[in-house]
Amino acid sequence: MSIGYACLTIGVEDTSIKSCIMRNATDTRLKELIAWNLNSLNNILDYNIANNIRLFRISSDLIPFGSSPVNRVPWWEIFEQEFQRLGDKIRAHDIRVSMHPGQYTVLNSLNEDVVKRAIEDLRYHAKVLSCLKVGYECKIILHVGGVYGDKEQALNRFIFNYQGLEQELKHRIVIENDDKCYNIQEVLMLGLSQDIPVVYDNLHHIANPTIDFMSHKHWIDQCKQTWKKKDGIQKMHYSQQDKDKKLGSHSNSINLDEFIAFFHELNREDIDIMLEVKDKNLSALNCILYLKDSKPCE
DNA sequence: CCGCGTCAAGTTCAT
DNA sequence: ATGAACTTGACGCGG
């Protein structure tokens with residue numbers, strides 16, 4: 001079981017991921033940014049290794065405009081060596097990396113161009129992972145998308161578009177319940193029918209619950225069956241509500257008592273937990289240290 | 001140099 | 001019909 005964090009590492013020098021606005025995205029500028037970001041990723045990995053953090057989400061900004069025609073830099077060739085070294089490090093230390101396209105990547109859109117760009121974006125994310133030569137347990141997390149007033153049709157479009165994807169992408173993609181449109185029951189049905197692993201997000205489930213009163217544990221255990229051997233152990237997202245903000249907003253840091261209560265209720269060791277929290281590695285460290293201390297021997 | 005408006009992208013919901 | 005929120009930091013311009 002690993003606990004990890006997403007994208008940014010706080011308080012560690014030279015780990016920032018930089019980007020630029022589109023009109024400044026010249027080949028020269030992009031190459032500079034990519035070189036900087038790959039160096040940052042290397043420093044992040046060193047920090048994670050030193051602190052025994054074995055789960056990490058790589059920022060989609062690693063390659064700025066990575067899936068846009070604006071970026072014409074053949075980064076996978078220019079930086080082949082750097083990717084090789086980063087990948088060696090990831091594999092040598094058994095780190096599980098993932099990526100998570102944002103809300104603008106919508107595979108089931110009514111607009112064909114949006115779907116095309118979504119596929120390009122998935123290809124970009126998969127290309128980063130394949131450049132690192134990491135196994136298929138390193139995933140790309142995707143939301144199902146919009147509803148457009150007809151959920152059944154929207155789900156059918158997702159299925160149709162998903163089935164048309166190349167195998168390389170299907171090996172990477174996992175789907176997650178979101179806070180508005182598709183609850184865990186719907187995502188699970190979809191995952192079971194299409195053989196797509198399902199990531200359970202506890203806070204999204206609070207914001208967008210199923211009609212029954214099933215526990216977190218119930219759904220997490222249900223999701224387990226969607227994770228096959230080649231997918232690695234089951235993954236989930238864990239976050240806590242920021243009490244001062246609206247439903248679904250991530251908290252600044254992880255409240256340990258609350259996390260521990262959740263973890264005990266879950267009573268599972270065969271699961272990786274990605275924390276979604278603003279203080280990133282700091283809370284991850286907290287949780288990892290607590291669990292380490294509470295184990296009898298290791 | 002500091003501060004604040006803006007930033008590729010899509011969908012939903014509030015006004 | 002239009003615009004904000006989502007989630008969020010950081011880019012980069014204007015003063």
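Just so it is clear, the structure is predicted and the values come from calculations on it, not from any experiment. In what follows, chains are A, B, ... by sequence order, proteins preceding strands, each numbered from 1.
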Exercise. Name every residue in residues 272-286 of chain A that has at least one heavy atom under 4.0 Å from any atom of DNA chain C, in order of residue number, or write none if there are no such residues.
Key: A:K278

Quiz item: Of the non-hydrogen atoms in A:C287 and A:I254, which two are nearest, and what is the gap between them?
Solution: SG-CG2, 3.8 Å

Quiz item: CZ of A:R117 versus P of B:dA9: gap in Å, rounded?
Solution: 8 Å

Self-check item: A:Y5: ring pair (Phe, Tyr, Trp, His ring centres under 6.0 Å) partners, not counting sequence neighbours
Solution: A:F56

Quiz prompt | Integer angstrom distance from the P of B:dG5 to that of C:dA4 | solution = 13 Å

Quiz item: If the C1' atom of C:dC11 is compared with that of B:dA8, how far apart are they to the nearest Å?
Solution: 14 Å

Practice problem: For the pair A:H216 and A:H205, name the ring-plane relationship: parallel under 30°, tilted 30 to 60°, perpendicular over 60°. | Solution: perpendicular

Quiz prompt | Distance, P atom - from C:dT7 to C:dG3, rounded to whole angstrom | solution = 22 Å

Quiz item: Closest nucleotide of DNA chain B for A:S109 versus for A:D121: which of these residues is on the 5' side?
Solution: A:D121

Quiz item: Sequence neighbours excluded, which residues qualify as side chain to side chain donor-acceptor pair (under 3.5 Å) partners of A:E168?
Solution: A:Y136

Quiz prompt | Residues A:D46, A:K89: salt bridge by 4.0 Å N-O rule | solution = yes

Quiz item: Heavy atoms under 4.0 Å, any strand shown: does A:S67 hit a base, just sugar-phosphate, or nothing?
Solution: nothing

Self-check item: B:dA9 and C:dG12, which share atom name P, separated by this distance in whole Å
Solution: 16 Å

Practice problem: With sequence neighbours excluded, tell me which residues meet side chain to side chain donor-acceptor pair (under 3.5 Å) with A:R96. | Solution: A:D272

Practice problem: Could you check whether A:V147 gets within reach of a base, just the sugar-phosphate, or nothing at all, counting any heavy atom under 4.0 Å? | Solution: sugar-phosphate

Exercise. In whole angstrom, give the distance that lies between atom OH of A:Y148 and atom P of B:dC13.
Key: 12 Å

Quiz prompt | A:H250: partners by ring pair (Phe, Tyr, Trp, His ring centres under 6.0 Å), with sequence neighbours left out | solution = none

Quiz prompt | Other residues, nucleotides, ligands: >12 heavy atoms within 6.0 Å of A:E80 CD | solution = no

Quiz item: Between C:dA5 and B:dT6, how far is it from one C1' atom to the other, in whole Å?
Solution: 16 Å

Quiz item: Between A:Y104 and B:dT11, is there a side-chain N or O to OP1/OP2 distance below 4.0 Å?
Solution: no

Quiz prompt | For atom NE2 of A:H204 and atom C1' of B:dT12, their distance in whole Å | solution = 15 Å

Quiz item: Once you round it to whole Å, what is the distance between P of B:dT11 and CZ of A:R157?
Solution: 9 Å

Quiz prompt | Runs of at least three Watson-Crick or G-U pairs with DNA chain B, cut-off 3.5 Å | solution = B:1-7 with C:9-15, B:10-15 with C:1-6

Practice problem: Could you list where the contact with chain A starts and ends along DNA chain C, reading 5' to 3', using a 4.0 Å heavy-atom cut-off? | Solution: C:dA5 to C:dC13

Quiz item: How close or far is atom P of B:dT12 from atom NE2 of A:H143, stated in whole angstroms?
Solution: 14 Å

Quiz item: Residues two or more places apart in sequence or in another chain: which of them pass side chain to side chain donor-acceptor pair (under 3.5 Å) with A:E32?
Solution: A:R29

Exercise. Could I get the full list of ring pair (Phe, Tyr, Trp, His ring centres under 6.0 Å) partners for A:Y238, not counting sequence neighbours?
Key: A:F259, A:F262

Exercise. Would you check if the side chain of A:W227 reaches a backbone N or O of A:V198 as a donor-acceptor pair within less than 3.5 Å?
Key: yes

Practice problem: Tell me, please, which residues at least two apart from A:Y182 pass ring pair (Phe, Tyr, Trp, His ring centres under 6.0 Å). | Solution: none

Quiz item: With no hydrogens and no angle check, is any side-chain donor or acceptor of A:N108 less than 3.5 Å from a backbone partner on A:F158?
Solution: no

Self-check item: Listed partners of A:S60 passing side chain to side chain donor-acceptor pair (under 3.5 Å), at least two apart
Solution: A:H125

Exercise. Taking only heavy atoms on the protein side, list every residue of residues 20-46 of chain A lying under 4.0 Å from any atom of DNA chain C, sorted numerically.
Key: A:C20, A:I21, A:R23, A:N24

Quiz prompt | A:F160 CZ: over 12 foreign heavy atoms closer than 6.0 Å | solution = no

Self-check item: Spacing between A:N71 atom CG and B:dA8 atom C1', to the nearest angstrom
Solution: 12 Å

Quiz item: Taking CD from A:Q103 and P from B:dA8, how many angstroms apart are they, rounded to a whole number?
Solution: 15 Å

